[in-house]
**Student:** 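One structure is given below, represented as structure tokens, and several questions about it will come after.
Start at 1 with the first residue, then count along the sequence. Note that the structure is a prediction, hence the values are computed from the model and not measured. What you see below is based on every heavy atom in this structure, not just the backbone, and it leaves out hydrogens, waters and symmetry mates.
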Amino acid sequence: QVQLVESGGGLVQPGGSLRLSCAASGNIFNIYAMGWYRQAPGKQRELVTAITIGGTTTYADSVKGRFTISRDNAKNTVFLQMNSLKPEDTAVYYCNAYSPPSLDYWGQGTQVTVSS
């Protein structure tokens, strides 16, 4: 089992920034990738960004150039730096860890609200 604990959500004005953190613990040795998903009210959960154990990253088109994923291997933590936030970024953000071939672990979610 892998436990994921997120932090860093909140309310921010359009154009502002937030930094999310996700700390992993437990059986982390088989994790291949970690990432962030988000789910807005009435919408499906979608991939925002992910980073593999080799450092390969992927981003949704809607956040490219604004969001950056990074990790601290020593602390088993991934970060999501979100800049130039827009109201449409409002959602619950979930940390995800993937262990092949088919194990997905999820954090409890953290609310991000972008509003003036």
Side-chain angles (χ1 to χ4, degrees):
Q1 288 292 323
V2 173
Q3 294 78 43
L4 303 173
V5 179
E6 303 136 335
S7 60
L11 172 65
V12 64
Q13 292 186 343
S17 298
L18 280 175
R19 189 189 195 212
L20 306 183
S21 300
C22 174
S25 61
N27 187 18
I28 63 173
F29 300 104
N30 293 325
I31 294 175
Y32 172 74
M34 292 185 68
W36 294 91
Y37 285 70
R38 67 186 181 187
Q39 187 167 20
K43 295 188 177 181
Q44 290 188 330
R45 190 174 296 189
E46 63 175 359
L47 174 67
V48 177
T49 179
I51 184 166
T52 70
I53 192 171
T56 301
T57 58
T58 185
Y59 293 93
D61 288 343
S62 59
V63 306
K64 284 180 181 177
R66 300 188 298 121
F67 290 13
T68 302
I69 190 170
S70 61
R71 66 185 186 189
D72 182 335
N73 289 333
K75 297 182 179 180
N76 300 316
T77 300
V78 293
F79 304 97
L80 178 61
Q81 179 66 43
M82 304 185 292
N83 298 328
S84 302
L85 282 160
K86 305 175 181 180
E88 51 263 44
D89 295 316
T90 295
V92 178
Y93 284 70
Y94 295 92
C95 181
N96 170 268
Y98 170 66
S99 293
S102 60
L103 290 176
D104 275 301
Y105 300 95
W106 297 94
Q108 78 281 3
T110 185
Q111 178 70 46
V112 172
T113 302
V114 185
S115 175
S116 55

**Student:** Rounded at 0.5 Å granularity, tell me how far OH in Y32 sits from CG in L103.
**Tutor:**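 These two atoms lie 15.5 Å from each other.
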**Student:** Would you confirm whether Y59, through its side chain, and S62, through its main-chain N or O, come within 3.5 Å as a donor-acceptor pair?
**Tutor:**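 No; zero donor-acceptor contacts below 3.5 Å.
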**Student:** Which atom pair, heavy atoms only, marks the closest approach of A40 to T90?
**Tutor:**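 Closest pair (atom of A40, atom of T90, distance): CB-O, 3.7 Å.
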**Student:** To the nearest 0.5 Å, what is the distance between SG on C22 and CD on Q3?
**Tutor:**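 It comes to 11.0 Å.
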**Student:** Return the minimal non-hydrogen interatomic distance between L4 and C95, and the atom names on each side.
**Tutor:**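 Of all heavy-atom pairs spanning L4 and C95, the closest is CD1-O, 3.7 Å.
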**Student:** V78 and R71: which non-hydrogen atoms are nearest, and at how many Å?
**Tutor:**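 Nearest heavy atoms, V78 then R71: CG1-CB, 3.8 Å.
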**Student:** Please answer whether the main-chain N or O of S116 pairs with a side-chain N or O of Q13 as donor and acceptor at a distance below 3.5 Å.
**Tutor:**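 Not a single qualifying donor-acceptor pair exists.
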**Student:** Which heavy-atom pair separates L18 from G8 by the least distance, and what is that distance?
**Tutor:**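 Heavy atoms of L18 and G8 come nearest at CD2-O, 3.9 Å.
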**Student:** Within the side chain of Q111, is there an N or O that forms a donor-acceptor pair under 3.5 Å with the backbone of G9?
**Tutor:**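 No, Q111 side chain to G9 backbone: no donor-acceptor pair under 3.5 Å.
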**Student:** Just by modelled atom types, is the R66 backbone N or O under 3.5 Å from a matching donor or acceptor in the S84 side chain?
**Tutor:**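 Such a contact is absent between S84 side chain and R66 backbone.
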**Student:** Has T52 got a side-chain atom pairing as donor or acceptor with T56's backbone, closer than 3.5 angstrom?
**Tutor:**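 Flag set: sc T52 to bb T56 pair under 3.5 Å.
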**Student:** Could you pull out the closest heavy-atom pair between N83 and Q81, with the gap in Å?
**Tutor:**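 In terms of heavy atoms, the two residues are closest at OD1-NE2, 2.9 Å.
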**Student:** Kindly compute the distance separating CD1 (I28) from CG (N76), expressed to the nearest 0.5 Å.
**Tutor:**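 Nearest 0.5 Å value for the CD1-CG distance: 3.0 Å.
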**Student:** Keeping S21 on the side-chain end and F79 on the backbone end, is there a donor-acceptor pair under 3.5 Å?
**Tutor:**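 Not confirmed, S21 side chain does not pair with F79 backbone.
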